[in-house]
Amino acid sequence: MKYLFTLLLVVFSSLPVFAYNAQGRAQIDSLEKALARSLEDSVKVGVLNGLGYAYHLTAPDTGMIYSNKALELARNISWQKGIAIAYNTLGVNYEAKSNHPAALTAYGEALKLFSKLGLKENIASTTCNIGNIHAVQGDNAKALEYYFEALRTIETTDNKLRTAMVRDNIGSLYFEEKDYERSNTYYESALALYRETGDRLNMARVQANIGMVLNATGKYKEALGYFFTALEKHIELGNRKSQTNVLMCIGDAYDNLGTYMHALRYRHKALELSKAMGNEGTIAIATGNIGLTWFKMAGSNPVPLNKAIGYLEEAVTLCKKTSYIPSLIEFSQTLSKAYFLKGEHRKAYEITADYLAVRDSVYSAENKIRIARLDTERELALADKNLQLQKSELRRKELELSDNRGDQVVYTICLLLMLMVAGTAITMFLNYRKANQALKAEQDQSHTLLQVHEQNIRKQRSLLHEISYVQSHEVRGAVATILGLSQLFNTDDYADPDNETVMEGIRSAAYELDGIVKEIITKENNLPE
């Protein structure tokens with residue numbers, strides 16, 4: 001099952017928290033009343049932007065109208081920050097409508113202005129939104145670059161809420177990469193910060209994300225508990241966008257449990273909400289998920305098989321239109337299998353060739369290496385930070401030792417003058433200094449060992465990331481290619497001219513697999529002791 005990736009991600013507002021949290025009809029009514037009382041000034045720009053952001057969850061077309069009005073007024077009064085916020089809010093609404101090129105343009109204008117004004121929190125928010133677009137388009141390495149940049153920026157402030165949001169999005173990206181352990185780590189750290197700040201909306205959303213990790217790791221019933229809790233909160237808050245995503249998640253859990261009619265019911269509810277919002281990206285995912293369930297029910301039955309093909313064909317068309325690349329790959333793969341079961345081998349082969357080409361471009365070795373490098377750079381940065389803290393602690397202890405030695409000298413002199421017990425005092429002083437020197441030597445040795453250990457960790461982690469990628473993706477990719485092509489071999493007619501093409505593809509994939517195995521062995525031999 002494919003989730004709508006943008007709904008896993010936090011979409012940032014550049015407004016104050018009161019506007020960012022504006023959800024539901026009551027909050028929108030309050031902003032509209034404030035708009036009626038506003039003068040043509042910066043306050044009115046803020047209210048217009050607040051309405052623009054609030055409507056992106058339910059009616060992005062209306063949100064764009066308010067955002068454009070905010071942009072026009074901010075320009076008229078020459079308020080640069082208001083212009084930047086309006087661009088960001090426009091981007092949010094374009095993103096809600098799956099108009100990714102327009103969203104990137106708007107976010108780019110906002111980021112330029114925020115950077116000139118030096119507004120760190122706004123810079124981090126817009127940077128993260130740009131990362132969201134790249135994530136939806138399947139460029140996870142590029143998305144992670146923007147996310148880590150946003151995290152570095154927001155961590156220089158005291159804004160716990162937005163720090164949580166960035167971590168939340170990083171968790172979603174690792175979920176898309178199927179790195180569930182790392183994904184859950186980021187989700188849990190985000191949830192802790194959401195609880196500190198009392199953000200109910202994002203608490204509900206990240207709980208659904210944690211449920212997705214449980215669902216992906218086979219804990220379906222436990223996942224359903226998280227999903228229904230999140231759905232109840234999103235209904236209470238009036239957030240249709242998040243309701244749609246949670247409905248998809250519930251459908252997927254029931255699908256995994258084999259209760260297909262329950263799955264279809266929730267999948268159709270998600271589709272109805274998607275159509276009500278007019279979001280083609282959401283419609284594509286909801287439609288494709290229905291097709292996946294019908295395919296599981298099909299077997300050799302032509303009725304559900306034809307239903308699966310119909311829904312999947314529609315979903316693939318919409319995914320191409322909206323550039324939802326990861327979803328396009330998954331739905332195309334299942335569509336190819338459906339045509340194969342139907343006996344239309346030529347059609348199955350054509351779809352397989354198309355999605356393999358897209359998959360290889362998105363999940364290329366270059367992208368995986370970029371992600372591994374970004375992981376390493378982030379962890380090394382944290383290690384360097386810890387090292388600096390340890391150095392500071394060592395320096396503090398050295399200063400304490402220095403002060404203690406000075407105090408001891410004075411104390412010894414006083415004893416010599418007052419008690420004339422020079423021998424005893426000198427012996428005590430020498431023993432104390434010897435102990436201090438031994439302690440310092442031990443600290444210096446520990447510091448040296450720490451640096452050597454850190455260097456070895458860097459080397460090991462870099463090689464292990466490469467080995468992990470090769471084992472988890474390149475080997476799997478080559479095997480998947482061989483299995484996919486083998487299904488296309490026409491065993492009923494060995495003279496079928498297409499069989500030669502299929503066998504050539506299998507031979508090519510087998511040579512590729514042989515090279516990959518040799519590469520893994522070479523990398524393992526290079527691991528430091």
Side-chain angles (χ1 to χ4, degrees), residues 6 10-130 132-133 150 153-154 157 159 161-162 165 201 238-241 277-279:
T6 47
V10 182
V11 179
F12 284 78
S13 167
S14 291
L15 298 163
V17 174
F18 78 89
Y20 178 82
N21 287 332
Q23 306 292 336
R25 188 68 251 175
Q27 289 82 357
I28 290 175
D29 288 344
S30 177
L31 286 169
E32 288 179 341
K33 289 177 182 178
L35 180 63
R37 300 191 300 268
S38 299
L39 302 174
E40 298 293 307
D41 57 11
S42 60
V43 174
K44 186 172 183 178
V45 174
V47 174
L48 286 167
N49 274 320
L51 283 165
Y53 184 80
Y55 271 110
H56 94 277
L57 295 166
T58 54
D61 287 323
T62 304
M64 290 175 66
I65 292 172
Y66 282 113
S67 300
N68 278 309
K69 287 181 178 179
L71 180 60
E72 181 181 2
L73 179 56
R75 284 172 172 166
N76 288 340
I77 64 176
S78 300
W79 187 31
Q80 295 301 302
K81 181 178 179 181
I83 294 172
I85 293 173
Y87 271 124
N88 188 78
T89 309
L90 266 176
V92 168
N93 282 284
Y94 278 126
E95 186 175 350
K97 288 180 64 63
S98 302
N99 189 343
H100 301 139
L104 280 176
T105 299
Y107 287 146
E109 293 297 323
L111 186 58
K112 284 191 290 187
L113 287 172
F114 286 138
S115 298
K116 287 181 181 179
L117 296 169
L119 301 173
K120 289 185 176 181
E121 292 182 1
N122 300 108
I123 291 169
S125 297
T126 308
T127 301
C128 204
N129 285 347
I130 293 172
N132 290 352
I133 301 296
T153 302
I154 202 64
T157 73
N159 195 319
L161 177 58
R162 298 200 180 214
M165 292 173 181
L201 171 66
N239 187 341
R240 290 196 297 174
K241 186 178 180 182
M277 292 175 62
N279 186 321

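Only heavy atoms go into these numbers, but all of them, side chains included; no hydrogens, no water, no symmetry mates. None of these values were measured; they are calculated from a predicted model.
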Asks: Ile130 vs Ile133, test: side-chain contact (heavy atoms from CB on, under 4.5 Å). Steps then yes/no.
Replies: CA-CA 5 Å; Ile130 293 172; Ile133 301 296; 5.7 Å; no
Asks: Within a strict 4.5 Å, meaning less than it, do heavy atoms of the Asn132 and Asn129 side chains meet?
Replies: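 Counting from C-beta outward, Asn132 and Asn129 do come under 4.5 Å.
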Asks: If you round to the nearest 0.5 Å, how far is OG of Ser42 from NZ of Lys81?
Replies: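 One gets 10.0 Å once the value is rounded to the nearest 0.5 Å.
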Asks: Supply the atom-to-atom distance Leu90 CG to Asn99 CG, rounded to the nearest 0.5 angstrom.
Replies: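 Interatomic distance, Leu90 CG to Asn99 CG, rounded to 0.5 Å: 11.0 Å.
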Asks: Say you draw a straight line from CD1 of Ile154 to CG of Asn122; how long is it, rounded to the nearest 0.5 Å?
Replies: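 The CG atom of Asn122 is 9.0 Å from CD1 of Ile154, to the nearest 0.5 Å.
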Asks: Can a donor-acceptor pair be found, under 3.5 Å and without considering hydrogens, that links the side chain of Asn88 to the backbone of Ala84?
Replies: no
Asks: Under 3.5 Å, is there a donor-acceptor pair between the side chain of Thr105 and the main chain of Pro101?
Replies: yes
Asks: Which atom pair, heavy atoms only, marks the closest approach of Ala124 to Ala150?
Replies: O-CB, 3.5 Å
Asks: Shortest non-hydrogen contact from Tyr94 to Met64?
Replies: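 In this case the closest contact between Tyr94 and Met64 is CE2-CE, 3.1 Å.
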Asks: Taking salt bridge (Lys or Arg N to Asp or Glu O under 4.0 Å) as the cut-off, I'd like each qualifying pair that reaches into residues 44-73, sequence neighbours left out, listed once.
Replies: Glu40-Lys44, Asp61-Lys97
Asks: Nearest 0.5 angstrom please: Leu31 CG to Tyr53 OH, how far?
Replies: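 Here the interatomic distance stands at 13.0 Å.
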Asks: Should His56 and Lys241 count as side-chain neighbours, where that means a heavy-atom distance under 4.5 Å?
Replies: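 Yes, side chains in contact.
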Asks: Of all heavy-atom pairs between Gly82 and Asn49, which one has the smallest distance, and what is that distance?
Replies: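 So the two residues come closest at O-ND2, 3.8 Å.
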Asks: For Tyr107 and Val92, indicate whether the former's side chain and the latter's backbone hold a donor-acceptor pair under 3.5 Å.
Replies: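 Yes, Tyr107 side chain to Val92 backbone: donor-acceptor pair under 3.5 Å.
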Asks: Considering all heavy atoms of both residues, which atom of Ala86 and which atom of Ser67 are nearest to each other, and what is their separation?
Replies: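 Heavy atoms only, the tightest pair is CB-O, 4.0 Å.
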Asks: To the nearest 0.5 angstrom, please state how far the CD1 atom of Ile65 sits from the CG atom of Leu51.
Replies: 11.5 Å
Asks: side-chain contact (heavy atoms from CB on, under 4.5 Å) between Ile83 and Tyr87: does it pass, once the steps are laid out?
Replies: CA-CA 6 Å; Ile83 294 172; Tyr87 271 124; 3.7 Å; yes
Asks: Out of the candidates Thr126, Asn159, Thr153, only one should pair with Glu121 under the side-chain hydrogen bond (donor to acceptor under 3.5 Å, both in side chains) rule; please name it.
Replies: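 One option only clears the test, and that one is Asn159.
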Asks: Counting N and O atoms only, with roles assigned by atom type, does the side chain of Asn93 sit under 3.5 Å from a partner on the main chain of Gly52, one being a donor and the other an acceptor?
Replies: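 Present.
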Asks: Report the residues that fulfil side chain to side chain donor-acceptor pair (under 3.5 Å) with Thr127, sequence neighbours left out, ordered by chain and then residue number.
Replies: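 Testing Thr127 for side chain to side chain donor-acceptor pair (under 3.5 Å), a comparison that skips the adjacent residues, returns none.
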Asks: Search all heavy atoms of Ile123 against all heavy atoms of Ser115 and return the closest pair with its distance.
Replies: CD1-CA, 3.8 Å
Asks: Would a 4.5 Å heavy-atom cut-off, applied to side chains only, mark Leu48 and Val45 as touching?
Replies: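 Not in contact.
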